[in-house]
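This chain uses plain numbering: 1 for the first residue, then up along the sequence.
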Amino acid sequence: MEKEKEVDGLSPNGKASPFADSRPNGALGHGSDDDSTPLPLYHKPRDYVEASVCHMREVDLGSGRALLIKEHGEFSAIAHKCPHYGAPLVKGVLSKGHVRCPWHGACFNIATGDLEDFPGLDSLPIFQVRVEKDKVIIRANKQSQKRSKPMARCSAVINSNTGFSHVLIIGSGPAALVCAETLRQEGFTDRIVMCTMDRHPPYDRPKLSKSLESTAEQLRLRSVEFLQDHDIELLTEKEAVAIDVKTRSVIFEDGLRMEYKKLFIATGSKPKTMIYKGQDVENVFHLRTPDDANSIARLANNKNAVIVGTSFVGMEVAAALSDKAHSVSVIGIETVPFKHALGEKVGKAIMKLFEVNRVKFYMLNEVSEMVGQHGQLKEVALKSGKVLRADVCVIGAGSIPATGFLKQGGIHMDSRGFITVNKMMQTSADGVYAGGDVVVFPFPPRNNKKVNIPHWQMAHVHGRAAALSMMGRAAEIKTVPYFWSAMFGKTIRYAGYGEGFDDVIIQGDLDELRFVAFYTRSEEVVAVASMNYDPIVSRVAEVLGSGKTIKKRDVE
């Protein structure tokens, strides 16, 4: 055992490995939603050996399962599935009192079951464990795989027509929802009002492009009843059109004026405007709502679909339509998809996957006209002269922050329209906070450089940070950005902040789509992406999250 521990803690160059403290469970087959088996991390097994000791095990309780954990000689037991998307936590990473989900990086405290890092909204139930002689006994109630943290109720007597809220939240995405829930979890007992342009209660927007036929009900994050039970007032179809920071008030399109004591802006992003002829032609969509997604799926059935842009959303829609539509064409301005985010080699490998699934690419191209017949889309004309048959078109050509309504509001924004915030998510205006896709914020791993990271997971983090800040309990953001994308039943996982990477080290087999790519700036690993290589991305996130540095030589 001592020899195994010694070897496990070494990197190929003989120095202590940054991976030594955070290891995945030693059981075979660290599967994922791809149900993959991992490749060895290093290529020369004869030069290097690894030994891993099992710390987690799924246990059958008869009426359900639990995750039994042993760390530093102490036993604990928690629910075995991540409440976010149901990942088996036994295939995740155990380190320093928490387990990290293998799919999307959420962290749970093994002693309390509490959610410590996002994505997701719920924590895990914990079970009693006792040791009798040589037996470990788990005692569990018959309960669900998730639990909500206790929340305070609103003690103020409020008429719903009152034009004042102690905390006013604009938006209903993860930043907005987590902000509201965190306030209640931390004992906030005054009025909270959440306003959204959407007509639906909060839903899981990343699933829209992957599952086009899902309803708002199927995608919902919280029900109207849940919000009512916890005194979080939701006003739907309310678009903010102006803010006055002097009078601390927000004006909405329907004329409603609401004053606030604290304001949280989490309006997200909106599609970048594209210039082409035929702007009024029907059946051209930006994917924003479940209604958009359902219409796209219906119109593309056995018809010709064109996707403009090789963003993650655009590519996910192309993948989702490949087995429904008669044809799927993708138009992109770069040489390969994801070149900027994942590098050319990974982009090429993913492009091949699409081509095998009958998706045609028209790269280094742009749209000149949407050609209609009786007002309905019939063709998409490209600047190269090529004309594509099209019954439905989805534009996924990037986005900009939805901050137009703030132009005269007295809140500082950068030249691109992002709201600048400090590490406590405070804007330049007193009592006004912002988070999610609309902000640039100081990022500790890059010497507090102001960055924009438009990830679903990061929006959760901002929501919590803003809520704690409002209550005078500011906590520094300590998270590793985590992103994922699913196409043709395969999932890309990504952790870190790879902006400005200058090299990519790839291990595994790109042609087989079983690989891990390490993105480096000078000598340091700044991000990692993988496919069919779990739980490597969560493992790297664990190392980066602990403040350690992974050097190029550690992975070479």
Side-chain angles (χ1 to χ4, degrees), residues 119 121 154 158 160-184 191-209 214-243 249-260 262-271 286-294 399-406 409 411 419 425 432-439 454 456 458-460 462-464 466-467 470:
L121 299 167
C154 180
I158 290 162
S160 60
N161 297 321
T162 306
F164 170 78
S165 181
H166 296 87
V167 173
L168 179 59
I169 298 170
I170 309 177
S172 63
L177 192 55
V178 170
C179 178
E181 291 196 22
T182 301
L183 287 168
R184 289 285 183 244
R191 190 182 192 194
I192 300 173
V193 176
M194 186 159 65
C195 302
T196 175
M197 284 172 62
D198 223 300
R199 67 186 187 90
H200 304 290
Y203 56 87
D204 191 338
R205 182 166 264 142
K207 278 188 179 174
L208 281 182
S209 48
S214 297
T215 63
E217 181 79 8
Q218 290 166 330
L219 298 175
R220 76 180 183 192
L221 296 172
R222 293 297 196 208
S223 65
V224 171
E225 293 74 31
F226 179 95
L227 298 175
Q228 286 171 348
D229 287 347
H230 297 97
D231 292 333
I232 298 167
E233 295 176 58
L234 177 69
L235 303 181
T236 55
E237 299 181 270
K238 283 273 182 285
E239 182 180 357
V241 292
I243 286 178
S249 59
V250 178
I251 313 296
F252 294 89
E253 192 178 37
D254 62 1
L256 174 70
R257 180 177 180 273
M258 187 161 275
E259 294 179 11
Y260 61 83
K262 300 271 170 69
L263 175 67
F264 183 52
I265 303 167
T267 43
S269 54
K270 65 178 188 176
H286 290 104
L287 178 56
R288 296 295 298 155
T289 66
D291 312 277
D292 293 337
N294 298 168
S399 59
I400 57 171
T403 54
F405 70 104
L406 297 174
I411 293 169
I419 303 168
M425 310 315 294
V432 180
Y433 302 76
D437 291 7
V438 292
V439 302
W456 183 251
M458 187 56 75
H460 289 71
H462 288 170
R464 179 164 175 76
M470 286 178 194

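- None of Glu239, Arg257, Lys238 except one satisfies the side-chain contact (heavy atoms from CB on, under 4.5 Å) rule with Phe252; the exception is Lys238.
- Interatomic distance, OG of Ser249 versus CE of Met258, reported as 11.0 Å (0.5 Å rounding).
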Criterion side chain to side chain contact (heavy atoms under 4.5 Å, CB included) on Arg199 and Asp291, from CA distance to verdict:
CA-CA 10 Å; Arg199 67 186 187 90; Asp291 312 277; 2.7 Å; yes

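- When every heavy atom of Asn294 is checked against every heavy atom of Ser214, the shortest pair comes out as ND2-O, 3.0 Å.
- Remark: Ile265 CD1 to Ile419 CD1 distance equals 4.5 Å, nearest 0.5 Å.
- Between the CG atom in Asp198 and the CD atom in Glu237 there is a gap of 8.5 Å [rounded to 0.5 Å].
- Every residue meeting the ring pair (Phe, Tyr, Trp, His ring centres under 6.0 Å) condition with Phe226, not counting sequence neighbours, appears here in chain and number order: His230.
- The minimum heavy-atom distance linking Pro119 with Trp456 is given by the pair CB-CD1, 4.4 Å.
- Between the side chain of Arg191 and the main chain of Phe164, a donor-acceptor pair closer than 3.5 Å is present.
- Of all heavy-atom pairs between Pro401 and Val438, the closest is CB-CA, 4.2 Å.
- Checked against side-chain hydrogen bond (donor to acceptor under 3.5 Å, both in side chains), Lys207 has no partners two or more places apart in sequence or in another chain.
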Going through the checks in order, is the side chain to side chain contact (heavy atoms under 4.5 Å, CB included) test met by Leu208 and Arg288?
CA-CA 8 Å; Leu208 281 182; Arg288 296 295 298 155; over 6 Å; no

Side chain to side chain contact (heavy atoms under 4.5 Å, CB included) assessment of Ile192 paired with Ile169
CA-CA 8 Å; Ile192 300 173; Ile169 298 170; 4.0 Å; yes

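- With rounding to the nearest 0.5 Å, the separation of NZ in Lys262 from SG in Cys179 is 10.5 Å.
- Listed here is the closest heavy atom pair of Ala176 and Ala266: N-CB, 4.1 Å.
- To the nearest 0.5 Å, the span separating OH on Tyr433 from CD1 on Ile411 amounts to 12.5 Å.
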Side chain to side chain contact (heavy atoms under 4.5 Å, CB included), that's the test. Do Leu235 and Leu256 meet it? Break it down for me.
CA-CA 11 Å; Leu235 303 181; Leu256 174 70; 4.3 Å; yes

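- For Asp204, there are no salt bridge (charged side-chain N to carboxylate O under 4.0 Å, His left out) partners two or more places apart in sequence or in a different chain.
- For Glu253, the side-chain hydrogen bond (donor to acceptor under 3.5 Å, both in side chains) criterion is met by no residue, not counting sequence neighbours.
- Residues passing the side-chain hydrogen bond (donor to acceptor under 3.5 Å, both in side chains) test with Glu217, sequence neighbours excluded: Arg220.
- Side chain of His462 to backbone of Gly436: a donor-acceptor contact under 3.5 angstrom is found.
- For the atom pair CG of Leu263 and CE of Met470, the computed distance is 7.5 Å after rounding to the nearest 0.5 Å.
- The ring pair (Phe, Tyr, Trp, His ring centres under 6.0 Å) check on His286 picks up nothing, with sequence neighbours excluded.
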